[in-house]
Amino acid sequence: MNIPFNKPYVSNSAASLARQVLDSGHLSGNGVYSQKCCQWLERESGCQRAFLTPSCTAALEMSALLCEITPGQEVLLPAFTFVSTANAFVMMGARPIFVDVCPDTLNLSPESLAKKITPQSRVIVPVHYAGVACEMTAITALAEEHHLTVVEDNAHGLAGTFDKKPLGSLGDLATLSFHETKNFCCGEGGALLVNREDWVERAQILQDKGTNRSKFMLGQVDKYTWVDKGSSYLLGELPASLLLSCLHERQSIQKRRHEIWQRYSLELTSWCSQNGILRQDIPAYAGHTAHLFYLQMPEQRYQLKFIQHLRERGITATFHYQALNECPMGIQLGGIAGSCPVAERAARTIVRLPLYAQMTDLEQDYILDAITGFHFD
Ligand SMILES: Cc1ncc(COP(=O)(O)O)c(C=O)c1O
């Protein structure tokens, strides 16, 4: 059997929606399908405004622009995250401050965060890893105390909750990813959710190359012009239509992903405890998204061995992020190897199992057999 790590979800209605876009004559951004996706995201997350972007990376860049980061200001983020969480702010001159994560969720540790806040701190970027909420009560309390902006990197967490509130509604801004590996996808894509009304107009300008084109489209000005910084941060209508077809199937996609996640969890319980494997913990406050199922091997030497064992049986499993504080660029920016031990250990021991909504029970039987057939020496 050949089992990939991921299969992008393509809804049955995707082709007919894409045909409608092709026939409509509107392929660029901000058309009917983009607007429908934004309305869906605004309704589901309760944000002031949603903007579709070409990626989560682009939405993070828009966030850094909205925060008006100036060189030397500090942005606090988990050491265990994707490079874009840091790069978007680094490109604006910010200094990334790498914070260690909690061992049970691999999310930003509020205790480590509190120790790293300085007078130069400007922004906190909690990442809801695997679609499991960070401890947002503690994080937002620190942000309020020190007057910091909160940008939720919610690349994994559309449909997740914290204390029953949607992820993406808890910070000043939030970003989403619709990359093909995500639960809801359109190839490459993302969104910025703006929760501050006073930032909505500027977000619109930044997204449209620094122009007031949206005012022109509404007939509020007779020509549009250059009014601010900005870039090309719109998603085209074809990917927007793909995304809309997935969003419409939210219930069934999530139901199936949770079934698969739950089965991994139940059937691997005793094997994990017999072999000292650390599993992700879902705190009571988190409604997770079944985005990832990962195991943390008891020792570093088992990570690649276990991946290889599965590969020999046709199954693709994979490691995840390298701790940013010990990457070459992280070190250049002040990161210190050894300073975020939980993140560094996760980078060296984590194995993510295949998880996609189209996975059959037979495929999962085969994966589970292969997993429990691995022997620790
Ligand atoms: C936490 C996190 N943030 C941001 C990104 C970047 O997403 P995109 O590929 O949509 O730019 C990723 C990518 O998977 C991610 O894991």
Side-chain angles (χ1 to χ4, degrees), residues 5-6 8-9 29 37 41 50-65 75-91 96 98-99 101-102 105-108 123-134 136 139 150-160 167-168 170-171 173-193 207 231-236 239-240 242-243 246-247 280 286 288-294 318-325 327 329-330 340 343 346-347 350 352 355-356:
F5 173 66
N6 174 59
Y9 189 83
C37 289
L41 293 170
F51 296 86
L52 286 194
T53 57
S55 62
C56 183
T57 303
L60 285 161
E61 287 172 20
M62 284 179 71
S63 304
L65 284 164
V75 174
L76 300 130
L77 51 105
F80 192 68
T81 183
F82 193 64
V83 294
S84 299
T85 317
N87 251 342
F89 294 90
V90 167
M91 292 209 309
F98 305 112
V99 179
V101 293
C102 305
T105 57
L106 304 182
N107 279 337
L108 194 65
V123 179
I124 306 173
V125 193
V127 175
H128 305 299
Y129 183 65
V132 178
C134 292
M136 291 307 287
I139 292 170
V150 175
V151 179
E152 298 173 71
D153 181 340
N154 196 27
H156 305 175
L158 179 57
L167 298 185
L170 308 153
L173 299 169
T175 62
L176 298 168
S177 175
F178 304 120
H179 181 264
E180 69 168 24
T181 49
K182 302 304 186 291
N183 297 19
F184 308 95
C185 71
C186 62
E188 300 276 357
L192 174 70
L193 307 184
Q207 185 186 37
S231 190
S232 185
Y233 287 133
L234 285 154
L235 185 74
L242 261 183
L243 176 62
C246 282
L247 296 178
Q280 65 204 107
H288 76 107
T289 59
H291 175 55
L292 299 179
F293 193 94
Y294 67 79
T318 178
F319 51 86
H320 210 179
Y321 314 125
Q322 301 308 295
L324 296 184
N325 59 299
C327 291
M329 185 63 176
C340 298
I350 213 166
R352 292 178 292 157
L355 176 47
Y356 45 88

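Remember, predicted model here, so these are calculated numbers, not experimental data. For ligands, and for the atoms within them, numbers begin at 1 and follow the listed sequence.
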Selected option - heavy-atom contact closest to atom 4 (C) of ligand 1, from T175, N154, L176, D153: D153
Flag, side chain of T289 to backbone of H156, donor-acceptor distance under 3.5 Å: yes
Contact with ligand 1 for Y321, non-hydrogen, under 4.0 angstrom: yes
Spatial distance of atom CG (L106) from atom CD1 (I350) [nearest 0.5 Å]: 5.0 Å
Between CG on residue L192 and CG on residue L60, distance to nearest 0.5 Å: 8.5 Å
Ligand 1 N/O within reach of K182 N/O, cut-off under 3.5 Å: yes
Distance flag, aromatic centroids of F178 and F184, threshold under 6.0 Å: no
Flag for N183-H291: side-chain donor and acceptor within less than 3.5 Å: yes
Heteroatom proximity flag, T81 to ligand 1, N/O under 3.5 Å: no
Contacting atoms of ligand 1, where contact means under 4.0 angstrom from a heavy atom of V127: 1 (C)
Atoms of ligand 1 close to S55 [distance to a heavy atom under 4.0 angstrom, numbered from 1]: 10 (O), 11 (O)
Closest protein heavy atom (residue, atom, distance) for atom 7 (O) of ligand 1: C56 CB, 3.3 Å
Side chains of T85 and D153, donor plus acceptor under 3.5 Å: yes
No-hydrogen, no-angle side-chain donor-acceptor test under 3.5 Å, S177 and H179: no
Within-shell test, A59 vs ligand 1, heavy atom, strictly < 4.0 Å: no
Part of T57 within contact of ligand 1 (heavy atoms, under 4.0 Å): both
Numbered atoms and elements of ligand 1 in range of G189, under 4.0 angstrom, heavy atoms: 10 (O)
Atoms in ligand 1 with a heavy atom of H156 nearer than 4.0 Å: 1 (C), 15 (C), 16 (O)
Close aromatic pair by centroid cut-off 6.0 Å: Y129 and Y294: yes
Minimum-distance protein heavy atom relative to atom 15 (C) of ligand 1: F82 CB, 3.4 Å
